[in-house]
*Asks:* 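Input: one structure, supplied below.
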Amino acid sequence: MDGGRNGALTVSEALAQRRSVRGFLPDPVERSTVEAILTDARRAPSGANLQPGRFIALTRAPLKALSAALAEAIADGRPQVAEYSYFPKKMPPELKARQRAAGYALYEALGIEKRDLDGRRRQFDRNYRFFDAPVGMIVTIRRDMGKGCFMDLGMAIMALLASAESRGLASCGLGAIAHYGDVAHEALGLPEDELVVCGIALGRADPAHPANVVRTEREPLEAFTELRGF
């Protein structure tokens, strides 16, 4: 898709086109492009202008070192550490159905059978290799921040993803990184008062990768909105 002035995507086009990409080309991403995307991320709204959260962008040797540390922790059977609750503690049936549908669509595209637990695990573990993207990011927040600051950080992450899309880059949010947030924390030498929230894979999408044909459905407007007085 190529629209807007000077061939740039509009906000609506970038959001409509964006998807979670799990197969990347090895092409490097210029530092200036990463800096521009991160600058856009920080322009997101922020309550009291606290601007919570940090983004640690890695490529080449530093990214390989982090991926290796995560792989070693998994191979050694290191217990997962959950420092915050991502999903509901008891998943309602209608949300569980969405979760399963998204997973089945991905595994079907990759040719992984429903009962192939090893295949599914290996695919999930690719999160910790940032799906072989040329750029990986670790997103952190100070431990003493309130829940509203997580909301502000989420808006910054969305601004980052939309900015990347508008520049012809693909991305994938990696909530799985938080399962081994302590490993990432140690490997990167992060300050003690920072909590690892998630990771982000960034690069150019591989059009031939089967995972990239998957697009999850979104609810229709009437299912999640009320318009009053219009």
Side-chain angles (χ1 to χ4, degrees), residues 20-24 26 28-29 31 33-35 37-42 44 50-87 89 99 103 106 120-147 149-161 163-164 169-203 211:
S20 294
V21 164
R22 295 178 175 86
F24 292 86
V29 181
R31 175 178 178 139
T33 301
V34 175
E35 289 178 340
I37 290 170
L38 291 170
T39 298
D40 286 346
R42 189 46 84 203
L50 297 186
Q51 304 178 49
R54 288 206 310 138
F55 297 83
I56 298 94
L58 311 167
T59 192
R60 299 186 180 90
L63 178 58
K64 289 180 181 179
L66 174 58
S67 295
L70 291 166
E72 182 179 2
I74 294 168
D76 290 346
R78 183 161 169 166
Q80 294 185 359
V81 174
E83 294 198 72
Y84 71 96
S85 176
Y86 195 105
F87 297 117
K89 292 185 178 179
Q99 182 186 42
L106 175 62
R120 293 171 66 174
R121 178 188 54 77
R122 286 193 298 271
Q123 172 60 26
F124 186 82
D125 286 351
R126 293 189 69 239
N127 280 276
Y128 303 110
R129 298 200 335 247
F130 295 81
F131 294 109
D132 300 317
V135 176
M137 296 187 189
I138 295 296
V139 184
T140 71
I141 194 170
R142 276 177 42 175
R143 297 177 188 276
D144 58 356
M145 290 294 185
K147 292 181 180 179
C149 289
F150 273 82
M151 179 174 66
D152 288 356
L153 178 56
M155 288 189 282
I157 293 171
M158 187 64 245
L160 185 156
L161 302 181
S163 177
L169 296 176
S171 61
C172 186
L174 308 173
I177 297 295
H179 295 168
Y180 293 96
D182 57 333
V183 177
H185 200 282
E186 292 172 9
L188 298 176
L190 300 179
E192 286 300 319
D193 65 350
E194 286 192 18
L195 178 152
V196 172
V197 176
C198 67
I200 298 173
L202 179 71

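Everything quoted here is computed from the prediction, not taken from an experiment.
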*Asks:* Between NZ of K147 and CZ of F150, what distance do you get to the nearest 0.5 Å?
*Replies:* 10.0 Å

*Asks:* Go through the structure and list residues passing salt bridge (Lys or Arg N to Asp or Glu O under 4.0 Å) with D144, not counting sequence neighbours.
*Replies:*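 Scan of D144 (salt bridge (Lys or Arg N to Asp or Glu O under 4.0 Å), adjacent residues dropped) gives R142.
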
*Asks:* Can you name the side-chain contact (heavy atoms from CB on, under 4.5 Å) partners of I74, sequence neighbours left out?
*Replies:*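 Checked I74 against side-chain contact (heavy atoms from CB on, under 4.5 Å); matches are D125, Y128, Y180.
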
*Asks:* In chain order, what residues pass the salt bridge (Lys or Arg N to Asp or Glu O under 4.0 Å) check against R120, with sequence neighbours excluded?
*Replies:*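 None.
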
*Asks:* On a heavy-atom basis, which atom in P52 and which in L153 lie closest, and how many Å separate them?
*Replies:* O-CD1, 3.8 Å

*Asks:* I need the E83 CD to D182 CG distance, nearest 0.5 Å.
*Replies:* 7.0 Å

*Asks:* Under the 3.5 angstrom rule, does the side chain of S163 hit a backbone N or O of A159 as a donor-acceptor pair?
*Replies:*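 Side chain of S163 to backbone of A159, a donor-acceptor pair under 3.5 Å: no, none is there.
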
*Asks:* Please report the interatomic distance CD1(I138) to CG(L174), rounded to the nearest 0.5 Å.
*Replies:*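 So the CD1 of I138 and the CG of L174 are separated by 8.0 Å.
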
*Asks:* Please round to the nearest 0.5 Å and tell me the distance separating atom CG of L66 and atom CZ of R129.
*Replies:*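 One finds 13.5 Å between CG of L66 and CZ of R129.
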
*Asks:* Is there a side-chain contact between F131 and Q123, using heavy atoms and a 4.5 Å cut-off?
*Replies:*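 The answer is yes; the side chains approach within 4.5 Å.
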
*Asks:* Does any non-hydrogen side-chain atom of L169 lie less than 4.5 Å from one of I37?
*Replies:*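 They are in side-chain contact.
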
*Asks:* Is the CZ atom of F124 crowded by more than 12 outside heavy atoms at less than 6.0 Å?
*Replies:* yes

*Asks:* Could you tell me which non-hydrogen atom of G181 sits nearest to which non-hydrogen atom of V196, and how far apart they are?
*Replies:*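 Scanning both residues, the minimum pair turns out to be O-CG2, 3.6 Å.
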
*Asks:* Looking at every heavy atom in both Y86 and G175, which two are closest together, and how far apart are they?
*Replies:*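 For Y86 versus G175, the nearest heavy atoms are CE1-CA, 4.4 Å.
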
*Asks:* Can D152 and L50 be said to form a side chain to side chain contact (heavy atoms under 4.5 Å, CB included), step by step?
*Replies:* CA-CA 9 Å; D152 288 356; L50 297 186; 5.7 Å; no

*Asks:* Considering only heavy atoms from C-beta outward, does the side chain of I56 approach that of L190 to under 4.5 Å?
*Replies:*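 Of all side-chain heavy-atom pairs linking L190 with I56, at least one is under 4.5 Å.
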
*Asks:* Give the minimum heavy-atom separation between F130 and M137, together with the two atoms involved.
*Replies:* CE2-O, 3.7 Å

*Asks:* Considering residues at least two apart in sequence or located in another chain, which fulfil the salt bridge (Lys or Arg N to Asp or Glu O under 4.0 Å) criterion with R126?
*Replies:* D132

*Asks:* Quick check for you: to the nearest 0.5 Å, what is the distance between Y84 atom OH and I141 atom CD1?
*Replies:*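 One gets 10.0 Å once the value is rounded to the nearest 0.5 Å.
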
*Asks:* Would you list the pairs meeting side-chain hydrogen bond (donor to acceptor under 3.5 Å, both in side chains) in which at least one residue belongs to residues 185-196, sequence neighbours left out?
*Replies:* R54-E194, R78-E186, T140-E194

*Asks:* Any side-chain heavy atom of I157 sitting closer than 4.5 Å to one from C198?
*Replies:*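 Of all side-chain heavy-atom pairs linking C198 with I157, at least one is under 4.5 Å.
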
*Asks:* Minimum heavy-atom separation for A73 and V183, please, with both atom names.
*Replies:* CB-CG2, 3.8 Å

*Asks:* With sequence neighbours left out, write down each residue that passes salt bridge (Lys or Arg N to Asp or Glu O under 4.0 Å) with D40, or none if nothing qualifies.
*Replies:* R43, R167

*Asks:* Taking the side chain as every heavy atom from C-beta outward, state whether I177 and L70 have any atom pair closer than 4.5 Å.
*Replies:*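 The answer is yes; the side chains approach within 4.5 Å.
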
*Asks:* What are the two closest non-hydrogen atoms of G203 and F24, and how far apart are they?
*Replies:*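 Answer, listing the atom of G203 first, then F24: N-CE2, 3.5 Å.
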
*Asks:* Please report the interatomic distance CD(Q51) to SG(C149), rounded to the nearest 0.5 Å.
*Replies:* 11.0 Å

*Asks:* What verdict does the side chain to side chain contact (heavy atoms under 4.5 Å, CB included) test give for I200 and V139, after you've listed the backbone C-alpha separation in whole Å, the side-chain angles of each residue and the deciding distance to 0.1 Å?
*Replies:* CA-CA 8 Å; I200 298 173; V139 184; 3.9 Å; yes

*Asks:* For atom CZ of R42, is the number of surrounding heavy atoms from other residues, nucleotides or ligands below 6.0 Å larger than 12?
*Replies:* yes

